[in-house]
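Since the structure comes first, as structure tokens, the remarks are kept for the end.
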Amino acid sequence: SVALGGEQSIAGGDYSLIAAGRYNKASGDFSSITGGYSNKASGLYSSVSGGTGNLASGETSSVSGGETNEAKGTSASISGGGSGLASGDRSSIAGGGSLQALGKGSVALGGEQSIAGGDYSLIAAGRYNKASGDFSSITGGYSNKASGLYSSVSGGTGNLASGETSSVSGGETNEAKGTSASISGGGQGLASGDR
């Protein structure tokens with residue numbers, strides 16, 4: 001273990017490294033913390049580059065910066081933002097606030113208080129959105145849900161794509177319920193038939 005600089009920090013894991021910063025703790029074997037304040041790298045081969053209050057607890061997980069983020073899954077990564085949780089294996093968060101990447105290989109690029117819960121799901125932007133279907137995506141908007149397998153919502157508010165391969169492009173309180181059903185926009189629309 002090596003502590004190159006900083007103050008009141010601990011390089012506790014075997015072959016761990018503290019480069020700088022304050023109140024940092026690298027407890028995982030082969031873990032490293034480059035700088036920042038009150039960061040922890042507890043996973044095997046985990047790393048935290050900077051920021052404050054960040055935790056890299058998953059094996060080979062990483063947090064580049066931001067505040068109170070946790071990379072919990074194996075090979076999960078968080079680039080920045082605040083209060084993010086990447087718990088899915090190989091999940092990632094680019095920025096934003098209070099984002100969660102829970103599914104395996106899920107991605108949250110930005111926005112606030114949104115969840116990429118399905119495996120390989122995507123949240124690009126917006127607020128209070130939830131992509132819970134595997135391979136589902138939400139590009140933006142407010143309070144939208146994509147729960148079907150391969151489903152997508154591009155924007156708008158209160159929309160739901162629940163059918164397999166269903167899509168809602170925009171509008172308000174629309175639901176694409178059937179397989180491959182689609183709604184382009186408008187309000188309170190329901191597409192329940194297949195295709």
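In this text the structure is predicted, and so the values were computed from the model without any measurement.
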Margin query: Enumerate the salt bridge (charged side-chain N to carboxylate O under 4.0 Å, His left out) contacts for residues 143-152, please, sequence neighbours excluded, ordered by first and then second residue.
Written below: none
Margin query: Please list all pairs meeting salt bridge (charged side-chain N to carboxylate O under 4.0 Å, His left out) that have one or both residues in residues 95-107, counting only residues at least two apart or in different chains.
Written below: none
Checklist line | Backbone N/O of G13 and side chain of S1: donor-acceptor pair under 3.5 Å | finding: yes
Next item on the list: Sequence neighbours left out, what pairs pass ring-ring contact (aromatic ring centres under 6.0 Å, His included) with at least one residue falling in residues 154-189?
Entry: none
Next item on the list: Among residues two or more places apart or on two chains, list those pairs meeting ring-ring contact (aromatic ring centres under 6.0 Å, His included) that have a residue in residues 43-97.
Entry: F30-Y45
Other than [X], what residues sit in its cluster of Ile, Leu, Val, Met, Phe, Trp and Tyr side chains whose heavy atoms are under 4.5 Å apart, directly or through others?
X: L109; answer: V107, L122
X: L85; answer: L102, I115
X: Y128; answer: Y142

Nearest 0.5 Å please: distance from the [atom1] atom of [X] over to the [atom2] atom of [Y].
X: I93; Y: L99; atom1: CD1; atom2: CG; answer: 5.5 Å
X: D134; Y: D119; atom1: CG; atom2: CG; answer: 4.5 Å
X: E59; Y: K72; atom1: CD; atom2: NZ; answer: 15.5 Å

Nearest non-hydrogen partners of [X] and [Y], listed with the distance:
X: S143; Y: N129; result: N-OD1, 3.2 Å
X: N144; Y: N159; result: OD1-N, 2.8 Å
X: S152; Y: A161; result: O-CB, 3.6 Å
X: S9; Y: I18; result: CB-CG2, 3.8 Å
X: G178; Y: S166; result: O-CB, 3.8 Å
X: A176; Y: S167; result: CB-O, 3.6 Å

Margin query: Please check if the number of heavy atoms outside Q8 that lie under 6.0 Å from its CD is greater than 12.
Written below: yes
Do any side-chain atoms of residues 180-187 form donor-acceptor pairs under 3.5 angstrom with protein atoms, and if so which ones, sequence neighbours left out?
from	atom 1	to	atom 2	distance (Å)
S180	OG	T165	OG1	2.7

Sequence neighbours left out, what passes side chain to side chain donor-acceptor pair (under 3.5 Å) with [X]? Give chain and number order.
X: E175; answer: S162
X: E112; answer: R127
X: T68; answer: S83

Note to self: For S27, give me all partners under side-chain contact (heavy atoms from CB on, under 4.5 Å), at least two apart in sequence or on another chain.
What the structure shows: K25, S42
